[in-house]
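A short worksheet on the structure shown next.
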Amino acid sequence: VEQGAEVFAGVCDRAAEHGLRVYLEFVPFMSVPDAATAWAIVQAAERPTSGVMVDSWHCFRGATRDQDLRVIPGERILGIQLNDAPAVPMANMLEETLHHRLVPGEGDIDLVGLMRLLDEIGSPAPRCVEVFSDALLRESTPSEIAVRVGDAIRAIRAATRWSASTITVAACTRRPKSACAAVRKKK
């Protein structure tokens, strides 16, 4: 945590020179594997313009639990990425996260519960739909993806008190020369 905090503090200081905030995203199979570790690094860095990024896939596939998110002040959760996954993980988590995520509501992640928890702790963070899916891009046009994801997000919003005014949608693949559909919708 100490080494991570030192490096993170340096990034925050450089970003602050340009009026930017920095969030730390935890990834289950990387050196910052969960929300508790990310929050410990952010706290140790002692930079008021920093916070944590919460990705639903990373919470579901990793060790992050509701209580880990509850200890983070809502205003320090600076971004939320929504996507879905089946209950049973693939053998290769890197392959799954970069190429096989699901549209929100089409898997087994309790996204309504996650959104309610983040609302409960007072997170004003923008919600971004991040679906890295080769199949989605292969089987759908960017317009079809936008409609499908938009419908999914509206269903989740209807089941929560979520009051975010902006939704960003990203459906991409990490492969070179691939398409990326992005739609931004204001309430």
Side-chain angles (χ1 to χ4, degrees), residues 1-84 93-94 97-98 101 104 109-132 149 153 156-157 160-172 174 180-187:
V1 170
E2 286 180 30
Q3 182 181 4
E6 183 178 328
V7 171
F8 187 66
V11 172
C12 292
D13 291 344
R14 287 189 297 282
E17 293 172 6
H18 303 283
L20 301 173
R21 299 181 76 178
V22 180
Y23 54 79
L24 182 60
E25 183 172 6
F26 55 93
V27 180
F29 49 86
M30 302 295 272
S31 60
V32 181
D34 52 48
T37 304
W39 179 233
I41 290 170
V42 169
Q43 285 182 295
E46 298 181 325
R47 299 303 188 271
T49 59
S50 67
V52 176
M53 162 65 81
V54 174
D55 181 306
S56 58
W57 190 95
H58 297 168
C59 290
F60 189 65
R61 289 290 186 242
T64 296
R65 300 296 168 249
D66 289 358
Q67 60 269 24
D68 299 324
L69 296 173
R70 287 184 197 285
V71 301
I72 304 171
E75 68 275 3
R76 298 301 290 274
I77 294 176
L78 303 181
I80 300 166
Q81 295 173 333
L82 299 173
N83 43 70
D84 220 326
M93 285 189 20
L94 182 61
T97 194
L98 294 179
R101 293 190 191 195
I109 299 176
D110 180 9
L111 296 171
V112 169
L114 177 62
M115 296 311 301
R116 286 181 177 159
L117 184 150
L118 294 169
D119 279 343
E120 182 183 305
I121 63 174
S123 174
R127 278 66 166 164
C128 173
V129 178
E130 182 183 65
V131 180
F132 298 125
V149 171
I153 290 303
I156 293 168
R157 266 184 100 172
T160 66
R161 296 183 315 268
W162 169 16
S163 59
S165 61
T166 301
I167 303 167
T168 301
V169 178
C172 308
R174 299 273 187 188
C180 177
V183 176
R184 186 166 217 174
K185 179 176 179 169
K186 294 210 177 205
K187 181 179 174 185

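From a predicted model like this one, the values you see are computed outputs, not experimental measurements.
- With rounding to the nearest 0.5 angstrom, the NE2 atom of His58 is 4.0 Å from the OG1 atom of Thr97.
- Screening residues 43-56 for side-chain hydrogen bond (donor to acceptor under 3.5 Å, both in side chains) gives Asp13-Arg47, Trp39-Gln43, Ser50-Arg76, Asp55-Asn83, Asp55-Arg101, Ser56-Asn83 as the qualifying pairs, with residues at least two apart or on separate chains.
- Phe60 CZ to Leu111 CG: the interatomic distance, rounded to the nearest 0.5 Å, is 9.5 Å.
- Among residues two or more places apart in sequence or in another chain, the salt bridge (charged side-chain N to carboxylate O under 4.0 Å, His left out) test is passed with Glu120 by Arg70.
- When every heavy atom of Val42 is checked against every heavy atom of Val52, the shortest pair comes out as CG2-CG2, 4.0 Å.
- Atoms CD1 and CD, from Ile121 and Glu75 in turn, are 9.0 Å apart once rounded to the nearest 0.5 Å.
- Of all the heavy atoms in His18 and Arg14, the pair that sits closest is CD2-O, 3.2 Å.
- Partners of Arg21 under the salt bridge (charged side-chain N to carboxylate O under 4.0 Å, His left out) rule, at least two apart in sequence or in another chain, do not exist in this structure.
- Note that the CG atom of Leu117 and the CD atom of Gln67 stand 9.5 Å from one another [nearest 0.5 Å].
- Taking CD1 of Ile156 as the reference point, atom CZ of Arg127 lies at 11.0 Å (rounded to 0.5 Å).
- Taken from CE in Met115 to CG in Leu82, the straight-line distance is 5.0 Å, to the nearest 0.5 Å.
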Name every donor-acceptor pair, under 3.5 Å, that has one atom in a side chain of residues 27-37 and the other anywhere in the protein, sequence neighbours excluded.
residue, atom, partner, partner atom, Å
Asp34, OD1, Ala36, N, 3.3
Asp34, OD1, Thr37, N, 2.7
Asp34, OD1, Thr37, OG1, 2.7

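- Taking 4.5 Å as the limit, some side-chain heavy atom of Leu69 sits within range of a side-chain heavy atom of Leu114.
- Residues meeting the side chain to side chain contact (heavy atoms under 4.5 Å, CB included) test with Val1, sequence neighbours left out: Ala40, Ile41, Ala44.
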